[in-house]
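Keep in mind that the numbers below use all heavy atoms, side chains included, and drop hydrogens, waters and symmetry copies. Along the sequence shown, residues carry numbers from 1.
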Amino acid sequence: MTRETAADAAAIPGQRRPGHCVPLRTPGEDFMNALYQQHRGALLRFALQLLNGDWHRAEDVLQEVALRAWRHSEALDPSAESLRPWLFTVLRNVVIDGHRARRARPPEISDPSSVEPIVPDTVERTLTARVVAEAMEDLTPPHREVLVHVYYLGHSVAQTAETLGVAEGTVKSRTHYAMRALRAALRARGTVS
């Protein structure tokens with residue numbers, strides 16, 4: 001006997017020896033391999049159809065069906081065609097259960113950026129105010145003055161006309177042309193399309 005065969009003879013069956021890798025197969029693994037080989041394609045297509053093409057959920061459902069079949073592996077024959085209707089029924093029930101569970105709880109939000117912050121973010125408002133203030137500097141003094149009274153101070157056309165000592169029609173036309181000039185100044189800064 002050679003040294004290696006003597007070591008083989010002294011080894012306990014199923015025990016790992018250095019340098020040797022013995023794949024241990026369990027009946028459950030054989031069952032799952034046969035199940036996937038025989039039924040995976042048809043079950044996955046059916047799951048995709050029920051889940052409107054959601055590949056990830058279909059794979060999750062397929063795993064759940066395989067797990068439920070594995071739990072009954074002693075009573076099931078994975079290579080039998082008569083198993084397929086039972087698998088399809090289980091798959092359909094898993095999809096229905098998942099649908100009911102999602103309806104029973106609040107909807108999940110998949111995009112964290114779409115969630116409104118709990119504390120209002122004032123950065124956007126501050127930046128917008130800064131850009132508008134810079135664009136206001138491009139306006140003529142009469143246009144700037146009318147916009148300040150009408151939009152920032154909230155005065156009516158009549159109040160603005162009285163404060164500035166001009167006719168109400170003049171306030172209206174200055175407001176119109178001031179807004180047009182402000183829009184052009186903001187467009188030049190790339191903030192308005």
Side-chain angles (χ1 to χ4, degrees), residues 1-132 183 186-187 189-193:
M1 248 184 176
T2 65
R3 180 184 293 166
E4 187 172 305
T5 54
D8 288 341
I12 300 170
Q15 182 182 18
R16 291 183 127 189
R17 294 183 317 261
H20 291 88
C21 186
V22 178
L24 298 176
R25 306 232 6 145
T26 63
E29 284 181 83
D30 292 335
F31 176 83
M32 292 300 276
N33 287 335
L35 180 77
Y36 270 91
Q37 187 175 17
Q38 186 75 17
H39 303 286
R40 181 184 187 277
L43 290 171
L44 191 56
R45 282 190 300 275
F46 184 57
L48 284 168
Q49 184 180 9
L50 291 177
L51 298 168
N52 298 321
D54 187 341
W55 188 267
H56 297 290
R57 282 187 38 216
E59 285 183 334
D60 288 344
V61 167
L62 181 62
Q63 283 183 349
E64 181 62 29
V65 169
L67 179 64
R68 291 183 185 188
W70 175 74
R71 288 182 185 149
H72 302 286
S73 61
E74 64 281 343
L76 300 174
D77 178 12
S79 61
E81 282 296 319
S82 61
L83 177 62
R84 191 169 278 189
W86 182 82
L87 292 170
F88 275 92
T89 302
V90 171
L91 187 140
R92 184 177 159 277
N93 290 341
V94 169
V95 169
I96 290 170
D97 290 346
H99 178 69
R100 287 178 181 158
R102 276 188 304 286
R103 278 192 0 207
R105 64 177 185 249
E108 297 175 3
I109 299 174
S110 59
D111 183 16
S113 65
S114 66
V115 177
E116 290 294 321
I118 295 171
V119 178
D121 185 14
T122 59
V123 173
E124 184 69 29
R125 186 174 179 184
T126 304
L127 289 175
T128 302
R130 174 80 179 186
V131 170
V132 170
R183 203 171 298 115
L186 290 171
R187 193 173 295 122
R189 286 172 171 73
T191 56
V192 175
S193 57

Discussion item. With a 4.5 Å cut-off on side-chain heavy atoms, are L83 and D77 touching?
Written reply: no
Discussion item. Can you confirm whether Q37 is buried at CD, in the sense that more than 12 heavy atoms of other residues, nucleotides or ligands lie under 6.0 Å from that atom?
Written reply: no
Fill in: Check: R130 side chain, T126 main-chain N or O, donor-acceptor pair, under 3.5 Å
no
Item to complete: Please step through side-chain contact (heavy atoms from CB on, under 4.5 Å) for the pair L50 and L91, ending with a clear verdict.
Response: CA-CA 10 Å; L50 291 177; L91 187 140; 3.7 Å; yes
Worksheet item: Quick one: CG on L76 to CG on L35, what's the gap to the nearest 0.5 Å?
Response: 8.5 Å
Worksheet item: Just wondering, are more than 12 heavy atoms of other shown residues or ligands nearer than 6.0 Å to CZ in R92?
Response: no
Worksheet item: With no hydrogens and no angle check, is any side-chain donor or acceptor of R84 less than 3.5 Å from a backbone partner on Q38?
Response: yes
Discussion item. Within this structure, what is the CG-CG distance for the pair D54 and D60, rounded to the nearest 0.5 Å?
Written reply: 8.5 Å
Item to complete: To the nearest 0.5 Å, tell me how far L48 CG sits from E59 CD.
Response: 8.5 Å
Item to complete: With rounding to the nearest 0.5 Å, note down the distance linking CZ in R45 to CG in L62.
Response: 11.5 Å
Worksheet item: Could you go step by step and tell me if R68 and V94 meet the side-chain contact (heavy atoms from CB on, under 4.5 Å) rule?
Response: CA-CA 10 Å; R68 291 183 185 188; V94 169; 3.5 Å; yes
Worksheet entry | Pairwise distance CZ(F31) to CD(E74) - rounded to 0.5 angstrom | 9.0 Å
Discussion item. To check you understand the geometry: which heavy-atom pair defines the closest contact between W70 and M32, and what is its length?
Written reply: CB-SD, 3.6 Å
